[in-house]
Amino acid sequence: MKPTLRDGGLTLEPSAGRDLDELCRLLWHPLVRLYLCDDAALPRAAVGGMLAQSAELDGRGLGLWTVRIADAGFAGVAGLLPVPAGGGAAPEMAGGVEPLIALDPAFWGDGHATAALALLAGHARDRCGLGRLVAAVDEPDRASRRLMGRCGFEEIGRAPGPRYTLVLYRRWLTAQ
């Protein structure tokens, strides 16, 4: 089972079926789905499938966490997801684990994404034994690209994406 992760008033709780309604509302928000879901409103069943896949990753310490903020409640979702065997967006991503952060726009600009990503990176290193994280960010998503820079990710290339060019990142979690 994935642990609950905390940093001050920010809590990442392992996501479960009880989070489906909140997760659907988040992923259907036009500003959230613009880049995260390539601007598609995912069917409820697909979001439920994401939660089921997350549960299957629990034993590896990976999957989705529900982001909660003290005195505010649900704020979004965070995750550590394995990249598909072929590398997903690019071969240099193969074998990697990619963080995911999606916050309700009401919580943008407050440092919560940075704190959540720091919690995920620490968990990936300390509890999962990972040496690196990888990420692919839509080129026009400037906020996510700034987040990558703030959190120690280095740009390693570009690749075609489903909708936009993807900027590829890597962050070493151990000394190289």
Side-chain angles (χ1 to χ4, degrees), residues 12 15 23-43 45-54 56-57 60-67 75-105 107-125 128 130-174 176:
L12 305 184
S15 295
L23 189 54
C24 283
R25 277 193 299 278
L26 174 73
L27 296 178
W28 293 341
H29 190 291
L31 293 174
V32 173
R33 74 175 197 227
L34 178 62
Y35 299 118
L36 185 62
C37 305
D38 295 318
D39 208 20
L42 300 176
V47 178
M50 291 171 58
L51 288 170
Q53 288 175 342
S54 174
E56 291 174 9
L57 295 169
R60 295 174 55 192
L62 305 177
L64 299 175
W65 284 262
T66 299
V67 179
V77 66
L80 290 169
L81 304 172
V83 175
E92 49 266 68
M93 305 276 286
V97 170
E98 183 172 19
L100 170 133
I101 307 281
L103 296 179
D104 183 295
F107 299 101
W108 289 4
D110 293 334
H112 301 304
T114 302
L117 189 48
L119 285 171
L120 292 174
H123 171 76
R125 180 191 62 240
C128 299
L130 298 178
R132 73 176 175 136
L133 293 175
V134 295
V137 178
D138 288 323
E139 188 172 44
D141 186 354
R142 291 188 301 263
S144 292
R145 291 178 60 204
R146 284 191 304 271
L147 175 65
M148 294 290 102
R150 276 194 311 276
C151 292
F153 284 75
E154 63 178 320
E155 185 177 327
I156 59 169
R158 294 178 186 261
R163 189 164 182 185
Y164 301 105
T165 297
L166 297 172
V167 181
L168 307 177
Y169 293 91
R170 173 183 60 212
R171 177 178 170 192
W172 294 109
L173 301 174
T174 58
Q176 293 300 306

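Please read all numbers here as calculations on a predicted model, not as lab measurements.
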Asks: How about D138 and R163: do any of their side-chain heavy atoms sit closer than 4.5 Å?
Replies: no
Asks: Please lay out, stage by stage, how V134 and V97 fare under the test side-chain contact (heavy atoms from CB on, under 4.5 Å).
Replies: CA-CA 6 Å; V134 295; V97 170; over 6 Å; no
Asks: Mind checking whether L133 and E98 have side chains closer than 4.5 Å, heavy atoms only?
Replies: no
Asks: Applying salt bridge (Lys or Arg N to Asp or Glu O under 4.0 Å), can you list everything that pairs with R158, at least two apart in sequence or on another chain?
Replies: E139, E155
Asks: Nearest 0.5 Å please: distance from the NE2 atom of H123 over to the SG atom of C128.
Replies: 3.5 Å
Asks: Measuring from R132:CZ to R170:CZ, what's the distance to the nearest 0.5 Å?
Replies: 7.5 Å
Asks: First locate atom CG of L62, then atom CZ of R60, and finally report the distance between them rounded to the nearest 0.5 Å.
Replies: 5.0 Å
Asks: Under the side-chain contact (heavy atoms from CB on, under 4.5 Å) rule, what do L100 and V77 come out as? Steps first, then yes or no, please.
Replies: CA-CA 8 Å; L100 170 133; V77 66; 3.8 Å; yes
Asks: Short question: side chain of D141, backbone of S144 - any donor-acceptor pair under 3.5 Å?
Replies: yes
Asks: Find the distance between CG (L57) and CG (L80) and round it off to the nearest 0.5 Å.
Replies: 10.0 Å
Asks: Going by the rule side chain to side chain donor-acceptor pair (under 3.5 Å), which residues pair with R125 if we only count those two or more places apart in sequence or in a different chain?
Replies: none
Asks: How close do R150 and T114 get, heavy atom to heavy atom, and via which atoms?
Replies: NE-OG1, 3.1 Å
Asks: How close do L168 and A159 get, counting heavy atoms only, and between which atoms?
Replies: CD1-CB, 4.1 Å
Asks: Distance alone, cut at 3.5 Å: any donor-acceptor contact between the side chains of S54 and S15?
Replies: no
Asks: Atom SG in C24, atom CE in M50: separation rounded to 0.5 Å?
Replies: 9.0 Å
Asks: Any salt bridge linking D39 with R33? Criterion: basic side-chain nitrogen under 4.0 Å from a carboxylate oxygen.
Replies: yes
Asks: Within a strict 4.5 Å, meaning less than it, do heavy atoms of the I156 and Y169 side chains meet?
Replies: no
Asks: Give the minimum heavy-atom separation between L26 and G76, together with the two atoms involved.
Replies: CD2-CA, 3.8 Å
Asks: Apply the test side-chain contact (heavy atoms from CB on, under 4.5 Å) to residues L23 and T66: give CA-CA distance (whole Å), side-chain angles for both, the deciding distance (0.1 Å), then the verdict.
Replies: CA-CA 8 Å; L23 189 54; T66 299; over 6 Å; no
Asks: Which atom names give the shortest non-hydrogen contact between L117 and P99, and what distance separates them?
Replies: CD1-CB, 3.5 Å
Asks: Specify the closest pair of heavy atoms between I101 and L120, including all atoms of both residues, with the distance to one decimal.
Replies: CD1-CD1, 3.7 Å
Asks: Hey, is the main chain of L42 close enough, under 3.5 Å, to the side chain of W28 for a donor-acceptor pair?
Replies: yes
Asks: Do P160 and L166 have side-chain heavy atoms sitting under 4.5 Å apart?
Replies: no
Asks: Which heavy atom of M93 sits nearest a heavy atom of A135, and at what distance?
Replies: CE-C, 3.6 Å
Asks: Take W108 and L103 through the side-chain contact (heavy atoms from CB on, under 4.5 Å) test and state the conclusion after the steps.
Replies: CA-CA 7 Å; W108 289 4; L103 296 179; 3.9 Å; yes
